[in-house]
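Following: one structure in structure tokens, then a few remarks.
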Amino acid sequence: MPTFHFYPIDITYRIVSGKPVIYLYGRTKDGQRIAVADRFDPYFWAIPQKKSVKERLENLSGEKDGESYSVTSVEEKKKRLLGKEVEALKVTVSQPKDVPLVRELIREWDDIQSVHEADILFTRRYLIDKKIIPMTLVVVEGEEGREESRIPVIAATAIRPAEDEETMKGLGILAVDIETYYPKGKGIDMDNNPILMFAVYGKNISRVIAWKRFATKRKSIEFVQDEAALLHRFREIVLEEQPDIITGYFSDGFDLPYIKRRAEKLKVNLDIGADFSGISLKKGMDTESKITGIAHFDVIKFVRGGLRTSIATDSYSLNAVASKLLGETKHEVELDDLAEVWDKRPEKLEPYCDYNLQDALLTYQLAEKLLPNLTELVKLIGLPLQDCNRMSFSQLVESFLLRKEGEFDEIAPEKPTEHELAKRRKVRLQGAFVHEPTPGLYHDLAVYDFRSLYPSIIASHNISPDTVREADTLEEGAFVVREEKVAYSTAKKGFIAAVVEEVITRRMRVKDILKKKKDPFLEARAMMLKILANSFYGYLGFPSARWYSFACAASVTALGRRYITETIEKAEKAGFKVLYSDTDSIFLSLQGKSKAAAKKFVDDINEHLPGLMELEYEGFYPSGIFVSAKDNKGGAKKRYALLREDGSLVIKGFEAVRRNTSVIAKEVQEHVLKAILEKADDKKALNYLHGVIKGIREKKLAVEKMVIRTRLTKPISSYDAIGPHVAIAKQMKGKGIDIAPGAIIRYVVTTGGGRIRDRAKLPEATKQSEYDADYYINNQIIPAVEKIFEVFGHTKEELLGKGAQMRLLEF
DNA sequence: ATTATCCGGGG
DNA sequence: GTGTACGGATAAT
């Protein structure tokens, strides 16, 4: 029997002669695309009320809505349900579609207590049970069968993961991007507006296909007869390139559905799937596009999903993400004019083709850059790239737990009913501890952080839905969380606590190796392990979670508050002063103590911390400033600036990087912070401010510095409150420039009477003499620095330079 | 403050 | 497809 070593990429199933067959699509070690077909039977778990139900189940079969269903076998197994031993029945049925039918039927039976895992997708169940991890080497025995397929199909007689968990490398990525016709002022209309051009970018291809000819020297541009021919070309290119991964930017919801729709409309056969199927869509608010045998990597879904907390960006547009991650930007063209240029001035189309190709290139580069992270996630979670690409944090955790439960003989709890869900949504978790800072400028600060606070609490205190007990439990060694009136058994490792501990220790091992040697793949692994570890707390409190536990989630934050306040008490006993603390971080003033003493403080704390918990010394800062909150005297949370020893600044929460603020306001804010932190010289900062204010008054500053950027969030007509940006958008519309929701409107406020919105002008149409100095001083500059100067007792009047004059008048 | 709703990205 | 949203921001109450 021939043996094949291959890396699975995609998985589906089909019913062949009435029996379900799993199809794994992938590539062999030597690069050949193959499919592997393997028989597998669907099953789920039932917990009986009475043992006699087994026989009743075994004989269950029937018909519903013309479809027959049957139970093929029932097997008794000892399992655990939230740690409690149960006699479970493994109910095997003949087809996946029988599962929901039988499930609903037997749920009503008196002798059935509960039904479990009857909603785990068939292909996922297969991967878990066979211990197969996509993109990781698998050994198959079997012969090539004869069936209709683009690639050879091996009928498996045996399948198992390879001994060494070798990861697939050198995957072929093909980036796709389309440009479509859309007249000004109209929305996207897949039914009526054609695709004008598309760009593909891959290792061996960099091309734009358009169906209107114009003179060009670009070798990358190729012309076809019409839109149907363009779609044919798309099919051809995909089949020629044989990519493992097709990537796009929002291609789940735009490019691929658009291509599919146009192909249907023009009756073009798009049988690019390994089984000759086309692009399949899953609808909902969130569409997903799939092609059998190829993994579809929608970059935006990963950046906004699994990587969301790791990549901070204001906007998730291709331009914003590419400039953040690659330091590159899109080409600038007036996309709104494309339809008109296409119709009337095709000779001007070249820049649009360049734009199109650049988008495909950026998408390709993003996919290439993020693939190590996504691959690590696939290996961690054990689901195909297509799925890991689109998962939320709670789905990641749950999929990981479903993979792990076998090791603990656990059966997953049922998903909550609507009623249960409503109940869970009503309760609120108490958050983290915050010590508000007292506004002021401070010198010699030490900053500390609890490393992975919540995950380490879960692991160290055995916080797990299967170890929760009543607070007055008589169980020996149980750890009481008095704040929540619950306790946690320590007799046996809880399922979730054990899994979290494994994730943390795995990450620590990876970090240890990384200390000795740089390795981008291990860095990606460490990052994904961190993301996963940090997701468990949220999962425990997520209403839809199978392993939801309010007690556990509440205990995690309660212990977080407990540990941080205890650490603060110890710091004060040791002679430090607490300036600020939020969740897992502590800012101390050294109060004349040495840097060495600050460093040593963590050792004293760590000596008494349990398990994996650890306080880290984040660093020493020569100075730092905390300002007061908007409407009260207390210090603002998450709004401070620190000076590092190397002279650089750490700015948190200030407007310095926000939209909606003019360039000049950001500049002034940063400059003032720097002057104050470096020299503690508020007089000098004040002088600088007065200089800027004078410059603005005398109109010596460029209009560009006065530009305010605001995003238009909905169609112009649906605004009730007309802000300046809406007024500008209206003006632009009046000039025939159509502005769509999502556009960033740039404007400058000019002098004159009336409301701000009547005085907003386009920057291009504003002369330097026109901007409204008073507006910029009072509404932009002053609010940006007011709180900083307030720390030194400078009033708004002083900032405006009125203080001195008033004093003269007073005397 | 708290709850309802709107929206993202793509052209 | 043995299934379906999700989190943040803004408007409304």
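The figures here come from the full heavy-atom set of this structure, side chains too, leaving out hydrogens, waters and symmetry mates. Protein chains get the first letters and strands the later ones, always in sequence-line order, with residue 1 at the start of each. Fair warning: this is a prediction, and the values are worked out from it, not measured in the lab.
Contact annotation for A:K330: backbone-only contact, meaning every heavy-atom pair under 4.0 Å involves sugar-phosphate atoms and none involves a base. Within the 4.0 angstrom heavy-atom criterion, base atoms lie near A:E117. Here A:D98 lies out of heavy-atom contact (under 4.0 Å) with every strand. Within the 4.0 angstrom heavy-atom criterion, base atoms lie near A:P42. Across all strands, A:Y126 comes closer than 4.0 Å to no nucleic acid atom at all (heavy-atom distances). A:D359 comes within contact range of the sugar-phosphate backbone alone, with a heavy-atom separation under 4.0 Å but no base atom that close. Here A:Y43 lies in heavy-atom contact (under 4.0 Å) with a base. Note on A:G187: a base of the nucleic acid sits closer than 4.0 angstrom, heavy atoms only. Note on A:I178: only backbone sugar-phosphate atoms sit closer than 4.0 angstrom, heavy atoms only; bases stay farther off. The residue A:R308 sits close only to the backbone: its heavy atoms come under 4.0 Å of sugar-phosphate atoms, none of a base. Counting non-hydrogen atoms under 4.0 angstrom, A:E398 reaches nothing in the nucleic acid.
We find that A:K404 and A:E410 are not joined by a salt bridge, their nearest charged nitrogen and carboxylate oxygen being 4.0 Å or further apart. Between A:E288 and A:K301 there is no salt bridge, since no side-chain nitrogen of the basic residue lies less than 4.0 Å from a carboxylate oxygen of the acidic one. Under 4.0 Å is where a charged nitrogen must lie from a carboxylate oxygen, and between A:D387 and A:R124 at least one such pair does.
Checking C:dT4, B:dG9, C:dT2 against every side-chain atom of A:K282, the shortest atom distance belongs to C:dT4. Across C:dA5, C:dT2, B:dG9, the shortest atom-to-atom separation from the side chain of A:A118 is found for C:dT2. Taking every side-chain heavy atom of A:L318 into account, B:dG10 is the closest of B:dG11, B:dG10, C:dC6. Listed nucleotides: C:dG7, B:dG9, C:dT2. Nearest to the side chain of A:V99: C:dT2. The side chain of A:F254 approaches B:dG11 more closely than any other nucleotide in the set C:dG7, C:dT2, B:dG11. With B:dG9, C:dT2, B:dG11 as the candidates, the nucleotide lying closest to the side chain of A:F250 is B:dG9. For A:I300, counting side-chain heavy atoms from C-beta on, the closest listed nucleotide (C:dG7, B:dG9, C:dT2) is B:dG9. With B:dT3, C:dA5, B:dG10 as the candidates, the nucleotide lying closest to the side chain of A:Y249 is B:dG10. Taking only side-chain atoms of A:L121, from C-beta outward, the nucleotide of B:dT3, C:dT4, C:dT2 with the closest atom is C:dT2.
Rounded to an integer number of Å, the gap from OH of A:Y69 to P of C:dT2 is 19 Å. B:dG11 atom C1' lies 10 Å from atom CE of A:M190, rounded to whole Å. Nucleotide C:dA9 holds its C1' atom 13 Å from the OH atom of A:Y316, rounded to whole Å. Rounded to a whole Å, the CG atom of A:N356 is 13 Å from the P atom of B:dG10. Regarding A:L421, its CG atom lies at a distance of 10 Å from the P atom of C:dC6, rounded to whole Å. Between the P atom of C:dA5 and the CZ atom of A:F393 lies a distance of 19 Å, rounded to the nearest Å. Look at CG on A:D286: it is 15 Å from P on B:dG10, rounded to the nearest Å. Regarding A:Y539, its OH atom lies at a distance of 12 Å from the P atom of C:dC6, rounded to whole Å.
Proximity of A:Y13 to the phosphate of C:dT2: a side-chain N or O atom is located under 4.0 Å from OP1 or OP2.
The C1' atoms of B:dT5 and C:dA5 are separated by 15 Å, rounded to the nearest whole Å. The separation of C:dT4 from B:dC6, taken at their P atoms, amounts to 24 Å, rounded to a whole angstrom. Nucleotides C:dC6 and B:dG11 are separated by 25 Å at their C1' atoms, to the nearest Å.
For A:F198 and A:F234, the ring centers sit closer than 6.0 Å to each other. In this structure, the ring of A:Y126 has its center no less than 6.0 angstrom from the ring center of A:Y13.
The environment of A:K131 atom NZ is sparse: at most 12 non-hydrogen atoms of other residues, nucleotides or ligands sit within 6.0 angstrom.
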Please tabulate, for the side chains in residues 306-313 of chain A, all donor-acceptor contacts under 3.5 angstrom to protein atoms that are two or more places apart in sequence or on a different chain.
from   : atom 1 : to     : atom 2 : distance (Å)
A:T313 : OG1    : A:S315 : N      : 3.3
A:T313 : OG1    : A:S315 : O      : 2.7

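In terms of position along DNA chain B, the nucleotide closest to A:R304 lies nearer the 5' end than the nucleotide closest to the other residue of the pair A:L335 and A:R304.
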